[in-house]
Visitor: 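Can you read through this structure? Questions will come right after.
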Amino acid sequence: MVNAVVTFSILLAIILYIYFSVGMTIVQNTDAELMSSAYQMKRFVNLMGNEPVSLLDDELNKDYVYLTERLEKSMLSFCVWDGNNTIVESQKNFNYEDEVLNKCREALFADDTMSVNTLDEPDGIYYIHEYHYNDTNIRVCSTILSDDKGDLRVIQLVGNMNEKNAFNEKLFNSLTVSAFFGVCISFLCGYFIAGRSMIPIENNMNKQKEFVADASHELRTPITILRTNLDLVMSSPEEDVGSQLPWLENAYKETERMEKLITDLLFLARTDLKQTDIEFTKTDISELLNEIVLSVSPAASEQNIGISLITENTPLYIFADKSKIEQLMLIILDNALQYTPDGGSITVSAGSYNGMVNVSVTDTGIGISEEDIDKIFDRFYRADKARSRRQGGTGLGLSIAKFIVEAHKGTISARSTLGNGTVIEIGFPIYEEGV
């Protein structure tokens with residue numbers, strides 16, 4: 001709103017400058033036109049009030065007729081007075097009162113000529129008067145001279161300023177209205193654009209608030225459990241460590257869970273601030289997946305879950321940070337192990353297609369409902385909150401996985417139905433030498 005007011009004020013100042021500049025130009029041009037016509041009228045002063053008597057007079061008559069026709073087209077009137085204060089010649093091309101011209105004439109012989117401008121030229125002095133009356137605005141150029149007989153003459157040229165000022169008024173009104181609507185449109189566009197630009201900021205603010213609230217909630221749970229177990233230990237100081245071991249083990253597990261949660265929170269905080277260091281190198285994803293599957297196999301065997309790897313016979317190179325890809329795959333495999341029951345299986349496969357290296361992790365777990373599938377990559381979101389918390393999940397793993405994939409210019413998605421397992425699909429651009 002403030003910007004719109006400032007913009008309109010600036011435009012209004014410019015419009016006023018244009019208005020007054022054009023007005024001054026109109027006045028200057030009118031004065032110059034009146035003075036030039038008065039100068040030309042001097043040639044014919046001997047014809048006015050007298051009968052033409054020679055061929056020279058006939059030639060002057062032709063020029064005089066031409067001048068009066070030009071003045072008529074220019075909407076300029078004229079009046080010529082003799083020494084007896086009588087009009088000897090006049091031509092009215094618009095309405096005005098002769099008394100006004102008489103006042104201008106009388107002022108020429110007074111101490112105060114009342115002129116708004118006086119032009120002292122080699123051929124005589126020209127007086128400019130301005131009069132406003134009855135909604136009529138005229139400008140009068142008067143000059144005094146004598147004819148060949150020595151008789152006094154006062155020549156007056158009259159310009160109608162109403163029409164000329166009307167143009168300036170229309171220009172001012174048009175510019176003002178245009179500026180007003182321009183500022184309104186600019187304000188609405190600015191408001192719309194500002195609103196659009198504020199959407200991602202508001203979204204980020206909302207996400208930050210949700211993140212802080214969720215983090216506080218997630219930290220409160222292990223702290224409460226930790227404190228409860230330690231209270232039980234402290235309530236029985238006479239007991240030995242062995243008898244208190246179950247409570248101490250519970251407390252220890254919660255400290256591990258808190259450590260993991262804080263580590264994940266710090267990682268996401270650094271990603272939000274774009275402070276995560278990623279070192280890209282040429283990486284064979286097949287070899288890396290083989291190492292990761294071997295490291296996870298003992299945990300899978302302990303849960304009686306089969307895990308296998310299917311890859312192409314040739315190396316599959318991507319441009320990646322090896323440690324981050326390892327973190328990504330461990331997050332996905334850890335989720336698969338958590339939600340796959342005993343006797344189930346997990347299959348990791350990798351292959352190339354259409355310029356991408358495609359990696360998929362397929363499990364035979366409990367699956368994810370259709371309403372939850374689009375939310376699993378959100379921070380702190382868990383499809384099965386009770387089970388996830390019980391097994392140490394923080395709800396941050398898949399959001400970290402999504403960041404890692406996007407940092408490698410890849411894609412990640414999930415397909416699942418309840419009771420039929422889940423498939424996580426990841427795509428990475430194939431490494432190309434020199435790119």
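Given the structure is predicted, the values throughout are model-derived calculations rather than measurements.
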Visitor: With a 4.5 Å cut-off on side-chain heavy atoms, are Asn102 and Trp81 touching?
Guide: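 Yes, at least one pair of side-chain atoms sits under 4.5 Å.
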Visitor: Centroid-to-centroid, Phe280 to His408, below 6.0 Å?
Guide: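 Yes: the rings meet the under 6.0 Å criterion.
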Visitor: Return the set of residues passing ring-ring contact (aromatic ring centres under 6.0 Å, His included) with Phe20 (not counting sequence neighbours), or none when no residue passes.
Guide: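 Expected list: none.
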Visitor: Evaluate Thr143 against Ile125 for side chain to side chain contact (heavy atoms under 4.5 Å, CB included), listing each step before the verdict.
Guide: CA-CA 6 Å; Thr143 185; Ile125 301 176; 5.8 Å; no
Visitor: Quick one, Asn117 with Val27, criterion side chain to side chain contact (heavy atoms under 4.5 Å, CB included). Give me CA distance, side-chain angles, the key distance, then yes/no.
Guide: CA-CA 11 Å; Asn117 193 13; Val27 169; over 6 Å; no
Visitor: Test your reading of the model: is there a side-chain donor-acceptor pair from Gln91 to the backbone of Cys79, 3.5 Å cut-off?
Guide: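 The answer is no, because no donor-acceptor pair under 3.5 Å joins these two groups.
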Visitor: Hey, does the side chain of Ser416 reach the backbone of Gly421 with a donor-acceptor pair shorter than 3.5 angstrom?
Guide: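 Flag set: sc Ser416 to bb Gly421 pair under 3.5 Å.
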Visitor: Looking at every heavy atom in both Asn137 and Asn162, which two are closest together, and how far apart are they?
Guide: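 Taking every non-hydrogen atom into account, N-OD1, 2.8 Å.
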Visitor: In Å and rounded to the nearest 0.5 Å, what is the CZ to OG distance from Arg415 to Ser413?
Guide: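 The CZ atom of Arg415 sits 7.5 Å away from the OG atom of Ser413.
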Visitor: Taking all atoms of both residues into account, what is the closest heavy-atom pair of Gly159 and Leu34, and its distance?
Guide: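 Heavy atoms of Gly159 and Leu34 come nearest at N-CD2, 3.7 Å.
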Visitor: First locate atom CZ of Phe428, then atom NZ of Lys409, and finally report the distance between them rounded to the nearest 0.5 Å.
Guide: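 It comes to 13.5 Å.
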Visitor: Strictly by ring-ring contact (aromatic ring centres under 6.0 Å, His included), give each pair with a member in residues 107-128 just once, sequence neighbours left out.
Guide: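 Residue pairs with at least one partner in residues 107-128: there are none.
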Visitor: What are the two closest non-hydrogen atoms of Asp321 and Glu279, and how far apart are they?
Guide: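 The answer is OD2-N, 2.8 Å.
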Visitor: Would you find a donor on one side and an acceptor on the other, under 3.5 Å apart, between the side chain of Ser36 and the backbone of Glu33?
Guide: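 Flag not set: sc Ser36 to bb Glu33 has no pair under 3.5 Å.
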Visitor: Could you tell me which non-hydrogen atom of Ile292 sits nearest to which non-hydrogen atom of Met329, and how far apart they are?
Guide: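 In this case the closest contact between Ile292 and Met329 is CD1-CB, 3.7 Å.
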Visitor: Which of these, Thr411, Ile404, Val361, Leu328, sits in a side chain to side chain contact (heavy atoms under 4.5 Å, CB included) with Ile426?
Guide: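 When Thr411, Ile404, Val361, Leu328 are each tested with Ile426, the side chain to side chain contact (heavy atoms under 4.5 Å, CB included) holds only for Leu328.
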Visitor: For Gly367 and Thr422, which heavy atoms make the closest approach, and how far apart are they?
Guide: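 Shortest heavy-atom contact: CA-OG1, 3.6 Å.
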Visitor: Other residues, nucleotides and ligands only: do more than 12 of their heavy atoms fall within 6.0 Å of CE on Met114?
Guide: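 At most 12 heavy atoms, drawn from other residues, nucleotides or ligands, come within 6.0 Å of this atom.
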Visitor: Once you round to the nearest 0.5 Å, how far does CG of Asn358 lie from OG of Ser349?
Guide: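 Spacing of CG (Asn358) from OG (Ser349) equals 9.0 Å.
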Visitor: Going by heavy atoms in the side chains, are Val158 and Arg139 under 4.5 Å from each other?
Guide: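 Contact flag for Val158/Arg139 side chains = no.
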Visitor: Do Val357 and Tyr431 have side-chain heavy atoms sitting under 4.5 Å apart?
Guide: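 Side-chain contact under 4.5 Å: no.
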Visitor: Less than 4.5 Å apart, any side-chain heavy atom of Ile26 and any of Met24?
Guide: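 When only atoms from C-beta onward are counted, Met24 and Ile26 do not touch, as no gap falls below 4.5 Å.
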Visitor: Within the side chain of Ser90, is there an N or O that forms a donor-acceptor pair under 3.5 Å with the backbone of Phe78?
Guide: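 Not confirmed, Ser90 side chain does not pair with Phe78 backbone.
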Visitor: Let me confirm one number: the OH-CG distance from Tyr66 to Leu71, rounded to the nearest 0.5 Å.
Guide: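 Here the rounded value is 10.5 Å.
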Visitor: Any chance you could measure Leu230, atom CG, to Trp247, atom CH2, to the nearest 0.5 Å?
Guide: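 Those atoms lie 12.0 Å apart.
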Visitor: Determine whether the side chains of Asp231 and Thr228 contain a donor N or O and an acceptor N or O closer than 3.5 Å.
Guide: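 No, because no side-chain N or O of Asp231 sits under 3.5 Å from a partner of the opposite role on Thr228.
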Visitor: Do Lys92 and Phe94 meet the cation-pi criteria used here (NZ or CZ under 6.0 Å from the six-membered ring centre, within 45° of the axis)?
Guide: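 Checked: cation-pi criterion not met.
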Visitor: For the pair Asn93 (side chain) and Leu76 (backbone), establish whether a donor and an acceptor sit closer than 3.5 Å, ignoring hydrogens and angles.
Guide: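 Present.
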Visitor: Do side-chain atoms of Ser399 reach the backbone of Gly397 as a donor and acceptor pair under 3.5 angstrom?
Guide: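 Not at all, since once roles are kept as given, no pair shorter than 3.5 Å links the two residues.
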Visitor: After noting the C-alpha distance and the side-chain angles of Asn290 and Ser286, does the key distance pass the side chain to side chain contact (heavy atoms under 4.5 Å, CB included) rule?
Guide: CA-CA 6 Å; Asn290 186 57; Ser286 297; over 6 Å; no
Visitor: Are side-chain N/O atoms of Glu169 and Asn173 paired as donor and acceptor at under 3.5 Å?
Guide: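 There is no such pair between these side chains.
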Visitor: Do Leu101 and Arg105 have side chains that get closer than 4.5 Å, going by heavy atoms?
Guide: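 Not touching, per the 4.5 Å side-chain cut-off.
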Visitor: Just wondering, do Asp378 and Ile376 contact through their side chains at under 4.5 Å, heavy atoms?
Guide: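 A side-chain contact is absent here, since even the closest heavy-atom pair is not under 4.5 Å.
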Visitor: To the nearest 0.5 Å, how far apart are CD1 in Ile318 and CE in Met356?
Guide: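 Spacing of CD1 (Ile318) from CE (Met356) equals 10.0 Å.
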Visitor: So with a 6.0 Å cut-off around CZ of Arg70, is the heavy-atom count from everything else above 12?
Guide: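 It does: Arg70 CZ has more than 12 such atoms within range.
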Visitor: Report yes if the side chains of Tyr317 and Ile430 come closer than 4.5 Å at any heavy-atom pair, otherwise no.
Guide: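 Not touching, per the 4.5 Å side-chain cut-off.
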Visitor: Can you check side chain to side chain contact (heavy atoms under 4.5 Å, CB included) on Ile87 and Val80, steps first, answer last?
Guide: CA-CA 6 Å; Ile87 297 176; Val80 180; over 6 Å; no
Visitor: Looking at every heavy atom in both Ile128 and Asp31, which two are closest together, and how far apart are they?
Guide: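 Nearest heavy atoms, Ile128 then Asp31: CG2-OD1, 3.5 Å.
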Visitor: Under 3.5 Å, is there a donor-acceptor pair between the side chain of Glu130 and the main chain of Ile138?
Guide: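 Side chain of Glu130 to backbone of Ile138, a donor-acceptor pair under 3.5 Å: no, none is there.
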Visitor: Do Ser369 and Ile373 have side-chain heavy atoms sitting under 4.5 Å apart?
Guide: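 Not touching, per the 4.5 Å side-chain cut-off.
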Visitor: If you count the non-hydrogen atoms of other residues, nucleotides and ligands that lie under 6.0 Å from CG in Asn95, is the total more than 12?
Guide: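 No, CG of Asn95 has 12 or fewer neighbouring heavy atoms, counting only those of other groups under 6.0 Å.
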Visitor: Surrounding CD of Glu302 (heavy atoms of other residues, nucleotides or ligands, distance under 6.0 Å), is the total greater than 12?
Guide: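 Not more than 12 within 6.0 Å, no.
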Visitor: Check this for me: Lys42, atom NZ, are more than 12 non-hydrogen atoms of other residues, nucleotides or ligands nearer than 6.0 Å?
Guide: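 Yes - once you tally the heavy atoms of other residues, nucleotides and ligands closer than 6.0 Å, there are more than 12.
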Visitor: Answer yes or no: is there a donor N or O on one side and an acceptor on the other, between the side chain of His129 and the main chain of Thr113, under 3.5 Å?
Guide: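 Between the backbone of Thr113 and the side chain of His129 there is a qualifying donor-acceptor contact (under 3.5 Å).
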Visitor: May I ask you to check whether Gln156 and Ser142 show a side-chain donor-acceptor distance below 3.5 Å?
Guide: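 The criterion, which ignores hydrogens and geometry beyond distance, is satisfied for Ser142 and Gln156.
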